[in-house]
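Notes follow once the structure below has been shown.
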Amino acid sequence: MLDEKLEPIYADVLRRNPGEEEFHQAVREVLDSLGAVIAKHPDYAEDALIERICEPERQIIFRVPWIDDKGRVQINRGFRVQFNSALGPYKGGIRFHPTVLLGTIKFLGFEQIFKNALTGMPIGGGKGGSDFDPKGRSEGEIMRFCQSFMTELARHLGEYTDVPAGDIGVGQREIGFMFGQYKRMTNRYESGVLTGKGLIWGGSRVRTEATGYGAVYFVDRMLKRRNQGLEGKKVLVSGAGNVAIYTIEKVRQLGGRVIACSDSDGYVVDDTGAGIDLELLKEIKEKQRGRVADYAAARGAGTTYVPGGRIWEVPADIAMPSATQNELNGQDARTLVKNGVVAVGEGANMPCTPDAVRVFLDAGVLFGPGKAANAGGVATSALEMQQNASRDSWTFEATEQRLATIMNGIHDRCAEMAEEYGAPGNYVLGANVAGFIRVAEAMRALGVV
Ligand code: NDP
Ligand code: 2IT
């Protein structure tokens with residue numbers, strides 16, 4: 001049940017954004033937590049503050065024409081939603097996936113506002129992307145697509161305006177092609193305009209690892225509050241991309257065993273020795289750009305590949321959904337609880353359905369929501385911006401230490417806020433409230449703009 005002051009706000013969001021279910025879901029989840037805030041501080045419901053937060057400052061939609069290897073003209077749609085700049089320039093990734101619609105980018109941009117606020121760093125919220133499908137495309141096609149995409153997007157970017165990074169389907173290679181085109185168009189080596197760059201052209205150490213590492217730090221700190229640790233724990237990590245790979249790496253460093261990972265075709269269980277063979281997975285995913293099925297084939301005996309299956313049916317102590325939105329539903333959550341799961345950390349954005357989140361919270365499972373648990377990526381992007389601004393380059397150790405401190409800070413702020421607002425141990429409420437208050441305070445100070 002929504003607070004009665006919030007109900008008309010949500011009804012308006014539904015009416016004005018028809019068909020955008022993922023956006024509705026993301027807004028609803030935050031509004032569900034804000035009842036506790038306006039009960040304590042009714043002034044946050046004044047001056048249409050919450051209505052303003054739900055309305056993007058700017059939404060850009062553009063045509064992206066490009067020519068494939070056969071000489072045929074292809075058309076995709078590009079998006080950038082500049083959601084909220086109260087705390088700093090818009091900041092958030094770019095996603096290339098055939099399922100991308102305006103509502104997808106709006107949900108991601110909305111989440112990003114609160115996530116970025118939680119990091120405590122001076123970054124606003126935004127997100128971009130395209131329905132371009134990189135699968136099966138040659139490097140030349142990907143480069144031409146990125147160049148065409150940036151040709152339109154460039155006019156909306158700048159180190160003080162809007163600073164994109166990667167997300168699904170966009171890694172260092174794509175950031176390189178986009179940065180190259182931006183540099184060519186502007187005749188400026190404006191390093192701070194994109195993050196996730198390569199080390200020798202303005203990137204930061206630890207950015208590649210940051211989201212996965214940070215998510216594991218977050219889960220580890222939740223466990224420590226219950227006097228537990230990752231040591232000896234069996235972990236499921238869905239996905240096999242950037243976030244999943246570095247989640248697996250950090251779990252292993254902290255003594256846990258990742259026994260399964262997945263992609264959109266199926267999952268692999270590798271419950272032998274140290275679990276998933278990280279070096280082999282990196283070789284297949286990062287170098288060969290292959291599939292989880294290729295990993296299973298290369299690894300051979302002792303592994304099981306389940307095409308089309310649901311990874312959450314594998315018994316384990318910890319689950320870290322790190323692929324995409326709504327990939328873990330209520331039924332999956334019930335299966336995990338039945339199998340004794342103790343903690344869930346969202347590496348992806350909104351991977352658990354609202355139903356699943358309820359199952360975990362009701363069962364007393366430690367649950368780290370994405371906007372807190374996966375904030376290490378964007379936080380390290382902000383560290384990359386700092387290094388760019390000072391023309392400096394930090395060591396791996398110093399940068400990772402900053403990341404660990406930031407993640408612990410986010411964890412503790414969420415825990416404190418949950419306590420203060422009457423829901424101890426509820427990190428969903430803690431994250432939404434902590435993020436909201438920071439953004440709301442800044443918006444109020446800046447007037448009606
Ligand atoms: P990648 O493109 O590197 O990897 C994505 C992985 O998820 C792939 O294994 C992919 O499988 C799988 N996947 C993607 N879409 C779907 C789908 N519709 N159904 C099933 N599986 C799917 O992306 P990232 O690792 O960067 O991103 C993963 C998640 O983490 C996303 O939710 C992203 O928003 C979030 N995130 C990323 C951050 C970053 O820094 N990169 C920061 C914070 C959050 P397949 O190859 O079969 O498509
Ligand atoms: O969802 C996310 O936080 C990201 N894709 C990373 C954003 C960023 O700007 O580093």
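From a predicted model like this one, the values you see are computed outputs, not experimental measurements. Every number for a ligand or one of its atoms is a count from 1 in the order of the listing.
Here atom 5 (N) of ligand 2 lies nearest to Asp167 when heavy atoms of Asp167, Thr119, Ile94 are compared. Among Met385, Glu111, Arg95, Lys115, the residue whose heavy atom lies nearest to atom 2 (C) of ligand 2 is Lys115. One option in Gly239, Ala323, Gly241 has a heavy atom closer to atom 28 (C) of ligand 1 than any other, and that option is Ala323.
Gly128 and Ile105 make their closest contact through O-CD1, 3.3 Å (heavy atoms, listed as atom of the first residue, atom of the second, distance).
A salt bridge does not link Asp277 to Arg252: none of the charged nitrogens lies less than 4.0 Å from a carboxylate oxygen.
Taking every non-hydrogen atom of Ser381 and a distance limit under 4.0 Å, the qualifying atoms of ligand 2 come out as 8 (C), 9 (O), 10 (O). Atoms of ligand 1 lying under 4.0 Å from any heavy atom of Arg291, numbered from 1 in the order shown and given with element: 45 (P), 46 (O), 47 (O). Those atoms of ligand 1 with a heavy atom of Ser322 less than 4.0 angstrom away are 28 (C), 29 (C). Annotation for ligand 2: atoms under 4.0 Å from non-hydrogen atoms of Lys127 are 1 (O), 2 (C), 4 (C), 5 (N). Residue Ala240 has at least one heavy-atom neighbour below 4.0 Å for each of these atoms of ligand 1: 9 (O). Remark: ligand 2 atoms within the under-4.0 Å shell around heavy atoms of Ala165 are 8 (C), 9 (O), 10 (O).
The shortest separation from a heavy atom of Ala375 to ligand 2 is not under 4.0 Å, leaving the residue out of contact. Contact analysis puts Lys135 in contact with ligand 1, with a non-hydrogen atom separation below 4.0 angstrom. Not a single heavy atom of Thr99 lies less than 4.0 angstrom from ligand 1. A heavy-atom separation below 4.0 Å is not found between Glu327 and ligand 1. Heavy-atom distances between Gln325 and ligand 1 stay at or above 4.0 Å for every pair.
Annotation: Lys282, atom NZ; neighbour count of heavy atoms from other residues, nucleotides and ligands within 6.0 Å is above 12. Atom CZ of Arg310 has more than 12 neighbouring heavy atoms from other residues, nucleotides or ligands inside a 6.0 Å radius.
Residue Asn374 has no N or O atom closer than 3.5 Å to an N or O atom of ligand 2.
Legend: residues meeting side-chain contact (heavy atoms from CB on, under 4.5 Å) with Tyr160, ordered by chain and number and at least two apart, are absent.
Each of Lys250, Arg207, Arg205 was evaluated against Glu400; a single residue qualifies, Lys250, per the salt bridge (charged side-chain N to carboxylate O under 4.0 Å, His left out) test.
There is no protein heavy atom less than 4.0 angstrom from atom 10 (C) of ligand 1.
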